[in-house]
There are 2 protein chains.
Amino acid sequence: MATGQTKQRIIQAAEHLFASHGFVRASLRQVTELAEVNLASVNYHFGSKENLIQEVFRRHLDGLNVEREKAFDELMAADPNPPLSDLLTAFIAPALRLSTDPVHGEYFVQIVTRGFVEYKDQFREFLSREYGDINRRFFAAIAHKLPHLPDQEVARRLDFTIGALTYSMGDFGLTKLADGTDREDYLRATIDSLVRFSEAGLTRTPT
Amino acid sequence: MATGQTKQRIIQAAEHLFASHGFVRASLRQVTELAEVNLASVNYHFGSKENLIQEVFRRHLDGLNVEREKAFDELMAADPNPPLSDLLTAFIAPALRLSTDPVHGEYFVQIVTRGFVEYKDQFREFLSREYGDINRRFFAAIAHKLPHLPDQEVARRLDFTIGALTYSMGDFGLTKLADGTDREDYLRATIDSLVRFSEAGLTRTPT
DNA sequence: GTCTATATCCTGATAGAC
DNA sequence: GTCTATCAGGATATAGAC
């Protein structure tokens, strides 16, 4: 194999196979075969399978994190006290957009979901450590828009929002992209619908 | 090993190990060791690992399905046109209650989540085939309470509800059961909060 | 940096005695 | 129904030539 491309080829193949078969099922033999590189090169470049898995996580989550920080900062720069719906859009849109990306979207969702399931607490710690900051900033800004609610209730309702978002990203649900529908139209409609749904849920007053 | 208990012991051990390590990682050797039965007995009683996995799925999902049908039927018997919040409670409560069950709750959630991730479409087909009926009845009843909404939008918002429910079941979120809080109180509060959140999201009018 | 060859271990499954 | 022993294959990881 030509020099210098090996590492990239491994990551690409790993991304594909981890997403479709899972971290456990996908073997280094399959990865190196698909990448058309030598089996031993994985250990040379990454040290172990575990490290390769971390690298694949990181690549995907870094991308999302950058987008979310950008969305948050741009929003706050334009208006330090933005309406709740704008905050929710900044929170929701980057994730949903990434998950429907025609190139990496499917991989992204599968890999993150598998991370949750296969590594559980370990993965949550990783997320909190590496990407927790932007989440806390969103939380504070959203809680500020709901001054009548105790923080605990804000957290609960935000969890519902994140759950709805995650489920939508996973394309697990009843709604499917019908043939002929433009992807961008569908995405905008989903973002819009989820923002309004969450806004109603977050601001609802006790009966 | 004393006769007659082997099959049950295997299922119990499998449930435990599949939940904590996943279907792929948990080996039959680990299962039989924990169950204190012979390795070969798995194949004698279940034929293959794959069949054992299906059996574990079925045990958990059958339980949920029975509870949901009971909740739906009881509600409809008392009032053929119940308020939306009651429909949502009947939809949400059995799942959330099962997922926080001190004995099987943790297993239940992990196993269902792993089913989604490790078997994806195959698992969805299984769910729809075996347990789709009660879902369709809930959907029809809920759509009936939202006559001004097209079915597609009802489906979308119900997906958000299911997402929020699933995420809550998985205990993935920010909110944690604080020490000293009564489990039943916490459960009721979560059910109540999610029902109201979803109701607000489902009934929200376009701005 | 890349390769071959291999060490070491674990997997699901089964044949056949009891 | 339960057991031992084993098969056949696949896994990660590495030593060492190039």
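Letters go in sequence order (proteins before strands), and every chain restarts at 1.
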Task: Note: E118(B)-R25(B) ion pair, threshold 4.0 Å (strictly below) - done: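 A salt bridge is absent here (no side-chain N lies under 4.0 Å from a carboxylate O).
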Open item on the list: Tell me whether E74(A) is salt-bridged to K70(A), with the criterion being a basic N under 4.0 Å from an acidic carboxylate O.
Closed with: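 No, this pair does not count.
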Task: DNA chain D contacts among residues 10-19 of chain B, heavy-atom distance under 4.0 Å - done: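 None, since no heavy atom is under 4.0 Å.
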Who are the salt bridge (charged side-chain N to carboxylate O under 4.0 Å, His left out) partners of [X], not counting sequence neighbours?
| X | result |
| --- | --- |
| R68(B) | none |
| D192(A) | R196(A) |
| E50(B) | none |

Task: Contact state string [nucleotides 11-18 of chain C, B base, S sugar-phosphate only, - no protein heavy atom under 4.0 Å] - done: BBBB----
Exercise: do [X] and [Y] side chains pair donor with acceptor under 3.5 Å:
| X | Y | answer |
| --- | --- | --- |
| Y131(B) | D62(B) | yes |
| Y107(A) | H60(A) | no |
| S193(A) | E153(B) | yes |

Open item on the list: Less than 6.0 angstrom separating the ring centers of F160(B) and F160(A), yes or no?
Closed with: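 Between F160(B) and F160(A), the centre distance exceeds or equals 6.0 Å.
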Task: Centroid-centroid under 6.0 Å between F138(B) and F72(B) rings - done: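 When the ring centroids of F138(B) and F72(B) are compared, they turn out to be within the sub-6.0 Å range.
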Rounded interatomic separation in angstrom, taking [atom1] from [X] and [atom2] from [N]:
| X | N | atom1 | atom2 | result |
| --- | --- | --- | --- | --- |
| F46(A) | dG1(C) | CZ | C1' | 14 Å |
| N38(A) | dT6(C) | CG | P | 15 Å |
| E33(B) | dC10(C) | CD | P | 11 Å |
| R9(A) | dG1(C) | CZ | P | 16 Å |
| E36(B) | dC3(D) | CD | C1' | 16 Å |

Open item on the list: Roughly what angle, to 10°, lies between the helix axis at the start of the helix from dG1(C)-dC18(D) to dC18(C)-dG1(D) and the one at its end, five pairs per end?
Closed with: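 Here the helix ends are tilted 0° relative to one another.
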Task: Lys/Arg cation over aromatic F46(B): K7(B), 6.0 Å, 45° cone - done: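 Flagged: K7(B) positioned over aromatic ring of F46(B).
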- [ ] Tell me whether the OP1 or OP2 atom of dT2(C) has a side-chain N or O from T6(A) closer than 4.0 Å.
- [x]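 It does, given that an N or O in the side chain of T6(A) lies less than 4.0 Å from OP1 or OP2 of dT2(C).
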